[in-house]
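Worksheet: one structure, shown below.
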Amino acid sequence: MNDHAPARSPQDLDDAIAGGIGESPIRPDGALKVRGEYAYSSDLWAEDMLWGVTLRSPHPSARIRSIDVSGALKTPGVYAVLTHEDVPGDNLYGLKDVDQPVLASDVVRYKGEAVALVAADHPETARRARERIDVDYEVLEPVTDAERAAHDETLPKVHPDGNLVRYQPILKGDPEATAEVVVSGTYTLGMQDQAFLGPESGLAIPAEDGGVDLYLATQDLHSDQAQTARALGLPQEKVRMTLSGVGGAFGGREDLSIQVHVCMLALRTGKPVKMVYDREESFYGHVHRHPATMYYEHGADADGRLVYVRAKLYFDGGAYSSKTPVVVGNGTTLGVGPYVVPNVRIEGWGVYTNNPPCGAMRGLGAVQPALAYEAQLDKLAEALDMDPVDVRIRNAISRGESIATGQVLDYPAPVAELLERVRALPMPPERDGTELDIRELPGGASNTTHGEGVYRGVGYGVCIKNICYAEGADDYSTARVRLQALGGEPAAMVHTAAAEVGQGVVTVQQQITRSELGVERVTVHPNDTDVGKAGSSSASRQTYMTGGAVKTACEAVRRRLLDRVAERFGEAFGDLSLAGGKIVSASTGVLTEIVDVLGDEVIEETREYHHRETYPMDAEDGSSERVQVQHAFSAHRAVVDVDVELGLVKVVALDCSQDVGKAVNPDAVVGQIQGGSAQGLGLAVMEEIRVGDGAIRNPSFTDYLIPTILDTPPMKIDVIERGDPNSPYGVRGVGEPPTISSTPAVVAAVRAATGKDLTHVPVSPEHVVDFGE
Amino acid sequence: MRLKFTVNGRQAEADDVWEGESLLYVLRERLGLPGSKNACEQGECGSCTVRLDGVAACACLVAAGQVQDREVDTVEGLAGEDELDAVQRAFVDAGAVQCGFCTPGLLVAADDLLERCPSPSDSEIRESLAGNLCRCTGYEKIMDAVRLAADRRAEEARS
C-alpha cells in the first residue's frame, strides 16, 4: 500500500473465521459488507479529489473533422479537458487484438465510443462542461448486420483490414454424412448485458515518481496494468493497481473502461481523480454478450443416435475485437454440446460491425450454441417420438470419448448421470385451483389472470463449458504465502492478484491455507500488482488456478517448516503433518507447536501454478489434441406456467444437477449455481439490449429488465463431485455452466406449454401470443 | 445551500450543497456514509434504500433539500457498537452476500419488512423485496436469510 492510500481504501480481511476445504465457512468480507463498510471502487474518496467524466460519440459510425474544447475549458471549476492528442503513449488497447483507441481520433466506430474527458471539482460541473465540447462529425453509414459483414465485401470496412475478426471451421469424420432422421432450425440470441450492480469506477492518485496509483474494480489487475501503462507511456511498475470492492463482474470488467482515462486526468491535473459511470453510461462503457445467428442441422439414426451435426454460427463482435476470437473458438469447439457426434462440420464467424462492442460474459461463446443444440435435441426427440431426456442420455458424452476437435476427455464427464439426477428431483406441486394465490401466477400481483389461459410446461437443458484459458495460452496464477507467529499463535497471510468479484475466491484462499498449513488464522492481503499475475476472474478458473497457486505456495512453506522439524526431532519428513497449529508425527504423535519451531522467523514463499498445456486449433479443420484443459457440465429442469393469452411467463421451478469435481466451499458452490441459473433465466425470458441503427434503445434498468426476486423461482441444487485427476483437489470450474444450461431448459418449458417453435431468446410475449395475420 | 438533518440518530450538516444533489450523493460524498449504494441512480435497483422518517425510500430519488430537519436511517445505523443486527447476521450466515453491492439496500428493506410483518410468508417476502435487484445470488439465499432473521428476531423477542 502506498503512502497516499485514499480514505476508505481496500481492507485486509482478517476476521477470525474457522473452516478448511470442503467446509462452508462464512466469507471474510461478509461483516464489512453487511455493515456498509466494504470499500467498493465507487466509494473511494481522497482529499481535494476531482471528478472525471467522458464525452461519447452520438453516432455509430462517423469521421471526426474537429474537436473544440475551448468552451469546456473556460467553465469555472474545470481542471482539464483531454482528447486523443493528450494520450501520452499508444492510443490503442485491447485484450487480444490491440484495436481500440483510448480516445477516438479520426473516426468513431460505435455509438458511445469515448471521445474526450473532463475533470472538474464537482461531477455536475464536469457534466456541464462536457456539453460544451464541440465535435464536428461527418456521419457515415453504419455496418449493422453481422452475417452480411462476414460475407459482403461491398460493405464499408469497420477496420482497415476488413470486417472479419475470426473464421474457424471444425471438420470431423465425414462432414457430408447423411442420416435417416434430419431436423434443422435457425436460432437467434439477443445481446445480453452483464448488469453487474457496481458501476465502473475508480480513483487515480498521481505519485511523486511520475507514476500513478489506481484503485479500481476489475477482473484482472495485471491485464489492466499492462494495457494502461502502454497507453500512458509509462513503465508498468509506475502504474500500480489495487483492487477495491467489486460490485459484480460476469465478464463485463475484462476490458478497460475508466482505467486509462482516470489516470490521464490524474497525471494531467496532479490531483486525485475519481470516475464513476452512471447506469446509462455503464451500458455504453462495457462490452456485452455477443448476439448470434445460428443455422443447425442434426442427423440421427432411427434409434435417436446422432450421425452428424452441421452448423454455421455468426457472432456480432461490434466495433472492437475484445474477446471475439475466443467466442468463436469456444462457440465452435463446444458447438455440438455434450454429445458424441461422429461427423461434424461447424463453421464460426466473428465479425466487426458498428454495433456496441461485445466481449466476455459468463458462459463465453458457449451460451449461444447451447440454445440451438438443445432446441435441436428436443426437435429430434419429437421427430422420433422419444423422451427428450432419453435422447440426450443416448448421445451423452462420457470419459474417454472425443469432442468435435478430436480431444479425448481424460476425466469424468458424467453427462448422463446429471440428466438422470435432475429428472429425478422432486417436481414442484401442481397448481391447486382451490387455494389460488395470484402472486404465484404469470402476471403476479398485476392480477392479469386467475388461472384461465395458463398452461404448464416442463423442459430440460444440458451443457458443456471449457474451464480456464484455452488454445495454447500460458495460463497461470501466482500466490505468496507467509507464515509467522503473531501473539503466540501461528498466522498465515495470503497475497494474490486474484480479483474477488463476489464469487468468494477470498474464502477459498483462506480455506486452502488453513487446510494445508494447519492454522486457523489466515489473513487475505488486498489484491494488487505487487505480486505476480493471477490471470482473470473469468472462465470459471480462479479456484482451479489461484487455488492451485495457493496450494503450491503453502506446500513450499510447509516443506521449509517441516525440514527443520525433521532435523530437530530426527523424524522422517514423510511422517510429518500440520494440524491445529501443531506438528504431528505419524509415528509419535504431536511433536511440538508450529510457533515454537517458527520463533521470530517469517517463512514466505511465492509460487506459480500452471495448468496442463493446451494447443491451438488447426486453421483448416479445427482439430487439436487438447484445445481446452477441462470441461464442466450441468443439467437443468425448468417448470413454467405461461398465460398464453398475454404471453406472460412465470418460471415455477429451475432445478439443477452439476458436477463440480470437488466442492471446496459447498455453500458458495450452491450460491454460484443459483446465481448463474437466474442469469440464464433472464436471457431466456427477459434480457435483451435492443439495438437499432447501432444505438442501444434501452440503456437503463427501467427498460433493460433483469430478474427480480418475483421472477426467480425456488431452485433445488444437486451437486456431485466426480474429481478431475488433473486439477488441484479435483476441482472443476463452477460459475459458468449453470448460466448456459438454464436458458435452453426454460425455453423448452415454454415451448412445451405453448406449442410454439420459439427460435429467439429472450422469448417475448409477441413470440407466444397469436396476433393473427 | 446548507442542509441539516438527522442521520442514524445523529445531527448531520452539509454546506455548499448544490440544489440538484440527491440524498444519496450527500450521504456518500459529503457525509462519509457510502454504505447506501449507487447502482442505477434511477430508483430501479433499490441498492440505495434508506428509511426517511421511518419509511423505506430510494435515496437516489430524494432531492437533498427534501430531508431538511428530517430523520434518515441508513445501513450504517443497523448494527450496534459491536454486534451486528439479526438481519445483518442472517445475511452473512445464510450466504446471501456475494459481491454485496445490493446488500445494504436489501438489509434496510428486509428490516423494514420484519418491523411491519415479523413472520412473513414467502410470497410476502418476495413482494416486499421486489424493488431490490441482486445479480449474484438468484435470491434463494436472500429468502433463506430473511426467514432466518425473522426466526432469530422472534427468538430474541421471547428471551
Side-chain angles (χ1 to χ4, degrees), chain A residues 7-8 24 26-27 29-40 42-43 45 122-124 194-199 245-250 276 278-279 437 439-440 445 501-504 667-668 670-671 673-679 681 700-702 706-710 712 714-715 717, chain B residues 18 20-21 25 28-29 32-45 47 74-79 84-85 87-89 91-104 107 121-143:
Chain A
R8 309 174 200 158
S24 294
I26 59 169
R27 302 175 63 99
D29 55 10
L32 283 170
K33 285 179 173 176
V34 296
R35 284 178 179 275
E37 292 172 359
Y38 188 69
Y40 294 89
S42 56
D43 298 342
W45 183 89
H122 189 283
E124 184 61 16
Q194 298 84 356
F196 45 70
L197 290 191
V246 182
F250 317 117
V276 183
D278 65 17
R279 183 51 53 181
D437 183 343
R439 289 176 297 194
E440 306 290 326
V501 296
Q503 81 279 46
D667 282 358
V670 169
I673 297 173
Q674 290 170 335
S677 300
Q679 289 183 1
L681 182 161
S700 72
F701 283 162
T702 311
I706 65 173
T708 70
I709 199 167
L710 283 172
T712 312
M715 294 181 266
I717 308 300
Chain B
W18 172 59
E21 286 176 19
Y25 184 90
R28 290 176 53 78
E29 304 298 340
L33 293 170
S36 308
K37 288 290 169 270
N38 57 322
C40 80
E41 297 179 87
Q42 297 169 318
E44 294 288 350
C45 73
S47 65
T74 73
V75 67
E76 285 97 338
L78 279 178
L84 294 178
D85 178 76
V87 181
Q88 292 172 308
R89 265 187 293 123
F91 268 66
V92 176
D93 293 346
V97 179
Q98 287 189 31
C99 92
F101 212 77
C102 68
T103 305
L107 290 169
S121 69
D122 283 1
S123 288
E124 283 166 333
I125 297 173
R126 288 187 192 276
E127 204 62 45
S128 296
L129 302 184
N132 293 78
L133 298 176
C134 168
R135 191 57 158 168
C136 295
T137 65
Y139 302 104
E140 279 288 82
K141 290 177 185 291
I142 291 171
M143 293 295 296

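None of the values given here were measured: they were computed from a predicted structure. All chains are named by letter (A, B, ...) in the order of the sequence lines, taking the proteins before the strands, and each is independently numbered beginning at 1. The basis for the numbers below is simple: all heavy atoms, side chains too, and nothing from hydrogens, waters or symmetry mates.
- Interface remark: B:K37 contributes side-chain atoms only to the contact with chain A (heavy atom separation under 4.5 Å).
- The parts of B:A130 that come within reach of chain A are both its backbone and its side chain, each placing non-hydrogen atoms under 4.5 angstrom from that chain.
- A side-chain N or O of A:E440 and one of B:S123 form a donor-acceptor pair less than 3.5 Å apart.
- In this structure a side-chain-to-backbone donor-acceptor pair under 3.5 Å is present from B:Q88 to A:V34.
- Ion pairing between a basic and an acidic side chain is recognised when a charged N comes within 4.0 Å of a carboxylate O; B:D93 and B:R89 show no such pairing.
- Side-chain contact between B:M143 and A:I709 is present, with heavy atoms from C-beta onward closer than 4.5 Å.
- Of the atoms belonging to B:T137, it is backbone heavy atoms, and not side-chain ones, that fall under 4.5 Å from chain A.
- With a 4.5 Å cut-off on non-hydrogen atoms, A:S677 does not touch chain B at all.
- With contacts defined as side-chain heavy-atom distances shorter than 4.5 Å, the pair B:C134/B:I142 qualifies.
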- Task: Report the C-alpha distance between A:V670 and B:K141 in whole Å, list the side-chain angles of each, state the deciding distance to 0.1 Å, and finish with yes or no for side-chain contact (heavy atoms from CB on, under 4.5 Å).
- Result: CA-CA 9 Å; A:V670 169; B:K141 290 177 185 291; 4.0 Å; yes
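- Heavy atoms closer than 4.5 Å to chain B are found in both the backbone and the side chain of A:R35.
- Contact of A:E124 with chain B is made through the side chain alone, with heavy-atom distances under 4.5 Å.
- Only the side chain of B:E21 comes within less than 4.5 Å of a heavy atom of chain A; its backbone N, CA, C and O stay farther away.
- In terms of heavy-atom pairs under 4.5 Å with chain A, the best-connected choice from B:G95, B:G35, B:C40 is B:C40.
- With a 4.5 angstrom heavy-atom cutoff, B:L78 does not touch chain A via any of its atoms.
- Aromatic ring orientation, A:H122 versus B:Y25: tilted (interplanar angle from 30° to 60°).
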